Amino acid sequence: INHIVHNGGLYKRPFNEAFEETPMLVAVLTYVGYGVLTLFGYLRDFMRQWKIEKCQNATEREEQKDFVPLYQDFENFYNRNLYMRIRDSWNRPICSVPGAKVDMMERVSHDYNWTFTYTGRVIKDIINMGSYNYLGFAQKAGACQEAAAKVLSQYGAGVCSTRQEMGNLDKHEELEKLVARFLGVESAMAYGMGFATNSMNIPALVGKGCLILSDELNHASLVLGARLSGATIRIFKHNNMQSLEKLLKDAIVHGQPRTRRPWKKILILVEGIYSMEGSIVRLPEVIALKKKYKSYLYLDEAHSIGALGPSGRGVVEYFGLNPEDVDVMMGTFTKSFGAAGGYIGGKKELIDYLRTYSHSAAYAASMSPPVVEQIITSVKCIMGEDGTTIGRARVQQLAENTRYFRRRLKEMGFIIYGNEDSPVVPLMLYMPAKIGAFGREMLKRNIGVVVVGFPATPIIESRARFCLSAAHTKEMLDTALKEINEVGDLLQLKYSRRRLVPLLDRPFDETTYEETED
Amino acid sequence: QEKEELIEEWQPEPLVPPVPKDHPALNYNIVSGPPTHIITVNGKECINFASFNFLGLLNNEKVKSAAQASLKKYGVGTCGPRGFYGTFDVHLELEERLAKFMRTEEAIIYSYGFATIASAIPAYSKRGDIVFVDEAACFAIQKGLQASRSNIKLFKHNDMADLERLLKEQETEDQKNPRKARVTRRFIVVEGLYMNTGDICPLPELIKLKYKYKVRIFLEESLSFGVLGEHGRGITEHFGINIDDIDLISANMENSLASIGGFCCGRSFIIDHQRLSGQGYCFSASLPPLLAAAAIEALNIMEDNPDIFQTLRAKCERIHRALQGISGLKVVGESFSPALHLQLEESCGSRENDVKLLKRVVDYCMNSGIALTQARYLEKEEKCLPPPSIRVVITVEQTEQELDKAASLLKEAAQSVLN
C-alpha cells in the first residue's frame with residue numbers, strides 16, 4: 001500500500017506510517033492476564049503481611065520505624081508483583097563494546113528475581129538489537145577511538161569546572177562550530193547530558209505567560225523541562241495535525257485562561273523519531289502550521305539525527321526542508337555518534353542567549369574532552385570530511401537495513417508500528433506473560449532484544465523494540481529474523497490481519513476506521 | 001471571521017531577548033590544553049586557582065591509563081540507558097566500590113553531576129510532602145525541589161534555631177490534622193560543604209533534630225566528598241557520625257574524583273527506589289565507561305594515600321590565613337574549605353558595578369599569572385542570590401610559594417583596583 005500525500009504538495013516523498021488496530025480478542029485476553037496477575041498480587045501481599053510468606057524486599061531501619069513511611073504500599077504494588085517477575089529482561093550487564101555483537105555477563109536468580117548472582121561466565125556474541133547504535137560508531141578500534149585516546153592522554157578525563165567559569169576548552173569551541181556546520185544552522189552549543197539539555201534549556205526559553213504545545217508521547221526530559229519552566233502546557237494527540245491546529249487557533253483567539261491576555265509566545269515541542277512508536281513527526285505540516293500561527297518550534301532529534309536523511313543530517317533533511325525554519329534544533333550525541341551529551345542549534349541570538357542564561361552553562365560541568373573528540377571525529381566521518389566514504393556508506397546501509405527488516409517482519413505477520421523509514425521497530429506483544437517469555441526465548445537463541453511494558457507504554461500495548469544499526473550485516477539480520485520467526489510461532493505473536501489504518505487522512509473527530517484489505 | 005483577524009493581529013515576543021555584547025557571562029575564557037595545575041587561559045599561562053581539582057587527579061597518569069584501557073575495551077559511549085544494555089561491568093564495579101568506600105549498603109551512579117540530586121529529590125518527595133532546605137542550597141537542589149512539587153520551607157543558613165522554629169510550627173499544624181500528618185513525608189536537605197558560602201552544616205545538631213521531629217535527612221556532599229574526614233569520606237567522618245543516620249548521601253564525581261557524573265549512596269531500602277523512579281537514571285544514557293574507570297582508579301588512589309587530605313587541609317589553612325586583611329575584600333568560608341569566596345567588603349551600590357569591579361581584580365591577577373574566576377550564578381533564577389564574589393580554589397598540587405604568590409597578588413590587585 002503506497003500513499004502519496006497531497007497535502008498541498010508539502011511532502012516530496014511517500015509518508016507511510018500505520019498503526020494497526022489491536023485485535024479485539026487479544027485486547028480482552030491481555031486485560032484478563034493483567035487481572036489474574038493483580039489478583040495474585042493481592043494474595044501474595046496478604047500472605048506477606050500475615051507472615052505466611054517471607055518478605056524479601058529491603059525494609060526500614062529499626063530506629064526509624066515510627067517515621068512517616070517513605071513509600072506508599074500501593075505505589076510499589078506494580079513493582080513488587082508484576083515487574084519483579086520479569087525483571088531479568090532489563091538491566092542486563094554487558095562486558096564488551098555495545099556494537100552489533102555484544103558479550104553479556106550471565107546471571108541467574110535462585111529466588112524468582114529478587115536477587116541475582118553472576119555465575120562468572122560470559123555469553124559471547126549476542127546479536128545486539130537493543131543498543132542505540134544507529135550508525136555503528138560504538139567501536140573499540142578505528143579512527144574515532146584513536147583520536148579519543150590521544151585527546152585523553154593530553155587533556156585527561158574530567159574538566160572540574162563549569163562552562164562559564166574555567167571549563168570552556170578549545171575543544172568545546174571546535175565541536176560547536178562543527179555541529180553548527182553539520183546541521184546547517186548559524187551556531188550551536190553542546191552540553192554534557194542529553195536529558196539535561198532539555199530539562200535545563202526549555203525553562204531558559206519560556207516562562208510564565210507562555211504556552212507550550214507538546215505531543216502526547218514526548219520523552220520524559222521534554223515533559224520535565226516544560227514543567228520546570230512554569231509555562232502552561234497543552235497536549236495534542238500524537239502526530240495529529242488537526243489536533244495541533246485546533247489548539248493553536250484556540251490559544252491565539254482566547255488568550256491566557258483567566259486573564260484573557262494574549263500569550264507571550266507559543267512553543268511547539270515535537271520529536272524527530274518517537275522511540276516507543278517508531279513514528280516520524282510530520283515536519284512539513286508542523287512547519288506550515290508554525291508559520292501560519294507565528295509560533296516557535298523546538299525539535300528534539302534524539303533518535304533521528306544521523307539516522308534519517310540521505311546524508312544523515314536528520315529529519316529536516318529527510319523531508320527536504322530548510323533547517324532555518326526550525327527555531328530550536330536539539331539533539332543528542334548518544335545515539336548515532338557513539339558518545340554522550342546533547343546539543344542545541346539555531347540562530348546566533350538564540351545560542352548567545354543560551355550561553356548566558358542556560359542552567360547548564362552556569363552550574364554544570366562541561367563535557368569530557370575524549371567524548372568531545374569522539375563526536376568531532378564521527379561528525380567529520382559522516383560528513384565525509386575525513387577523506388573516506390565510510391559515513392555515507394553507513395547511512396545508506398542503515399536505510400537498507402531498515403527497509404529490509406521491516407518488510408520481512410511485516411511479511412511474517414507481526415504487528416509492527418511506525419513509519420517505514422524509521423530504524424526503531426516496535427513489535428507488538430500485548431500480553432504480560434509474553435513480555436518476559438519473548439525476552440528470555442530470544443536470549444536463549446543468542447539475540448538481545450529490548451522489551452517494554454507499562455508504564456513506558458499504555459498498559460495493553462507492551463512491545464519489543466528493535467533498534468537497527470548500520471553495523472548489522474545482512475547475515476545477522478537474517479539470523480535474527482529466523483529466530484524471531486520461530487519465537488513468534490512458539491508464542492503465537494503473529495497477530496496481524498493486514499488491516500492497516502491509513503492514518504494520513506483520518507480527520508480529528510472521526511471514530512470509525514476505514515479499513516483496507518491487502 | 002473575527003478569529004482570522006485575531007490570528008493576523010497577534011504578535012508574539014521574539015523567542016529570545018537580545019543579549020548585550022559585553023554581558024559578563026557571554027565571553028567565556030578559552031582554555032587551550034588540559035585544565036590542570038598550569039593552565040593556559042586566553043593564551044596566557046597561569047597557575048590554576050579556579051578548577052575544582054582538589055586532589056590533583058585530573059592529570060594523574062594512573063587515572064589516565066585506566067581510562068585508556070577502558071577506551072580500548074569499550075569504546076566511548078554506552079549507546080543506551082541502564083535498563084537497555086547500557087549497564088556495563090565497570091558501572092557495577094564502581095557502584096560496589098563507592099558503597100564499600102562510604103561504608104553504606106548500596107550506591108547508584110548518574111551520568112551528570114547536576115542531574116544527581118535533581119533526580120534524587122523528586123523520586124522520594126512528591127506533591128504534598130514537606131522539605132526544609134537551607135537558604136544557601138545550590139541550584140541543583142533548587143531544581144530538584146521545583147521538580148518535586150513539594151512544599152518548600154527555607155531556613156536561614158546554618159541557623160538551627162530557625163529550623164527548630166519551623167519544625168515546631170509544622171508540629172502544631174500536624175496536631176490539627178493528624179490523618180494528613182501520618183502520610184506527609186518530611187525531609188531536610190542540607191549540603192556538607194556549601195558551594196555558595198564555603199562553610200559546613202552542623203550535622204550533629206541536625207541528627208538530634210531528625211530523631212526529635214521524625215524528619216529524614218538528605219545530605220549533598222559534592223564539595224566535601226574527598227575533602228573532609230580522615231579518609232576523605234566526607235562530613236560524616238569529619239564529625240564521627242554513624243553513616244546509617246543519614247538517609248541519603250548524594251555527591252558528584254566532578255570535584256575530587258576528577259571525572260564526570262554523580263552518585264547517591266545509602267541503605268538499599270532507599271537507593272533501590274531510584275533505579276525505577278530516578279528520572280536522570282532511567283531515561284538517560286549511562287556514564288561512558290572510560291569515565292567510570294577513571295573514577296575507580298581515582299578511588300584507588302584516594303584509598304592508598306589517605307595523607308593527601310591532611311595536606312590539602314594544611315594548604316587551605318595557610319591560604320586562609322594569608323588572605324586575611326586584604327583591604328576591600330573579605331574571605332568567606334571555613335578555614336579548611338578548599339573553595340573560598342572573596343567578596344567586596346562594601347558594595348558599590350549595584351550588582352552590575354560590583355561584578356565589573358571584581359572583573360578588574362580577576363583580570364589583574366590573570367595578567368600576572370594566577371587564573372581566577374568569578375562565581376557565576378543565574379541572577380533571575382536563584383532563590384537567594386549570593387553576593388558577587390571571586391572563587392578561590394585550593395588543590396594539593398599548589399606549592400607553598402604559589403599559595404603565597406597568589407595571596408600577595410590578590411593584595412596588590414585589591415590595592416590598585418579598589419583604592
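Scope of the values below: all heavy atoms of this structure, side chains included, with no hydrogens, waters or symmetry mates. By convention in this document, chain letters (A, B, ...) are assigned in the order of the sequence lines, proteins followed by strands, and residues within each chain are numbered from 1. Every value quoted in this text rests on a predicted model; they were computed, and no experiment measured them.
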Got a sec: does the NZ of B/Lys126 have more than 12 other heavy atoms crowding it under 6.0 Å?
-> yes
Find the one option among A/Ser161, A/Ala362, A/Pro98, A/Ser295 whose heavy-atom pairs under 4.5 Å with chain B are most numerous.
-> A/Pro98
By a 4.5 Å heavy-atom criterion (distance strictly below it), what part of B/Ala115 contacts chain A: side chain, backbone, both, or neither?
-> side chain
Any donor-acceptor pair under 3.5 Å from B/Glu254 side chain to A/Gly158 backbone | no
For the residue pair B/Val31 and A/Asn168, establish whether any side-chain heavy-atom pair is separated by less than 4.5 Å.
-> no
Heavy-atom proximity to chain A below 4.5 Å, by part of B/Ala294 | side chain
Side chain, backbone, both or neither: which part of A/Val449 has a heavy atom under 4.5 Å from chain B?
-> backbone
Of A/Tyr134, A/Tyr353, A/Trp90, A/Trp263, the largest count of non-hydrogen pairs under 4.5 angstrom with chain B goes to A/Tyr353
Of the listed residues (A/Met193, A/Met200, A/His172, A/Lys171), which shares the most heavy-atom pairs with chain B below a 4.5 Å separation?
-> A/Met193
Heavy-atom proximity to chain A below 4.5 Å, by part of B/Leu71 | both
In terms of heavy-atom pairs under 4.5 Å with chain A, the winner among B/Gly77, B/Cys79, B/Pro34 is B/Cys79
Side chain / backbone / both / neither for B/Glu382 at chain A, heavy atoms under 4.5 Å | side chain
Turns out that what part of B/Phe54 lies under 4.5 Å from chain A's heavy atoms comes down to neither
Contacting region of A/Arg465 [heavy-atom separation from chain B under 4.5 Å] | side chain
Check each atom of A/Ser199 against the heavy atoms of chain B and say whether the ones under 4.5 Å are side chain, backbone, both or neither.
-> neither
Give, as side chain, backbone, both or neither, the part of B/Glu61 having an atom under 4.5 angstrom from any heavy atom of chain A.
-> neither
Can you tell me how far the CG atom of B/Asn27 sits from the OG1 atom of A/Thr356, to the nearest 0.5 Å?
-> 9.0 Å
Compare all side-chain heavy atoms of B/Ser32 with those of A/Asp170 and state whether any distance is below 4.5 angstrom.
-> yes
Residue-level interface, residues 135-142 of chain A with chain B, non-hydrogen cut-off under 4.5 Å | A/Ala138, A/Gln139, A/Lys140
Would you check if A/Tyr118 and B/Leu92 make a side-chain contact, meaning some heavy-atom pair closer than 4.5 Å?
-> yes
Determine the option with the most heavy-atom pairs under 4.5 angstrom with chain B, choosing from A/Gln145, A/Glu349, A/Lys335, A/Lys347.
-> A/Gln145
Identify which part of B/Ser259 has an atom lying under 4.5 Å from any heavy atom of chain A, answering side chain, backbone, both or neither.
-> backbone
With a 4.5 Å cut-off on heavy-atom pairs, point out which of A/Ser89, A/Ala302, A/Ala339 contacts chain B the most.
-> A/Ala339
Among A/Gln374, A/Arg92, A/Glu165, A/Arg355, residue most engaged with chain B (heavy-atom pairs, under 4.5 Å) | A/Glu165
Please report the closest heavy-atom contact between B/Pro12 and A/Lys294, naming both atoms and the distance.
-> CG-O, 3.4 Å
Any B/Tyr112 side-chain heavy atom under 4.5 Å of A/Ser360 side chain | yes
Polar side-chain atom of B/Arg185 near backbone of A/Val68 as donor-acceptor pair, under 3.5 Å | no
Parallel, tilted or perpendicular: ring planes of B/Phe139 versus A/Tyr363, cut at 30 and 60 degrees | parallel
Considering only heavy atoms, which portion of B/Pro17 lies under 4.5 Å from any heavy atom of chain A: side chain, backbone, both, or neither?
-> both
Side chain from CB out, backbone as N, CA, C, O: work out which of these in B/Arg275 comes under 4.5 Å of a heavy atom of chain A, or both, or neither.
-> neither
Side-chain (A/Lys265) to main-chain (B/Leu15) donor-acceptor, under 3.5 angstrom = yes
Answer with side chain, backbone, both or neither: which region of B/Arg267 has an atom nearer than 4.5 Å to a non-hydrogen atom of chain A?
-> side chain
Contact part of B/Lys380 toward chain A, heavy-atom cut-off under 4.5 Å: side chain, backbone, both or neither?
-> side chain
Shortest non-hydrogen pair, B/Gly80 vs A/Tyr132, comes out as CA-CD1, 3.9 Å
Checking A/Pro69 against chain B: side chain, backbone, both or neither under 4.5 Å from a heavy atom?
-> both
Go through the atoms of B/Ile30 and report whether side chain, backbone, both or neither lie under 4.5 Å from a heavy atom of chain A.
-> both
Which bit of B/Ile270 is near chain A, if near means a heavy-atom gap under 4.5 Å: side chain, backbone, both or neither?
-> both
Taking every heavy atom of A/Ile94 against every heavy atom of B/Tyr85, the minimum-distance pair comes out as CD1-O, 3.6 Å
Side chain, backbone, both or neither: which part of B/Leu58 has a heavy atom under 4.5 Å from chain A?
-> both
Using atom types as modelled and distance alone, determine if a side-chain donor or acceptor of B/Gln146 lies under 3.5 Å from a backbone N or O of A/Leu228.
-> yes
Nearest heavy atoms of A/Phe67 and B/Arg216, plus distance in Å = CB-NH2, 3.8 Å
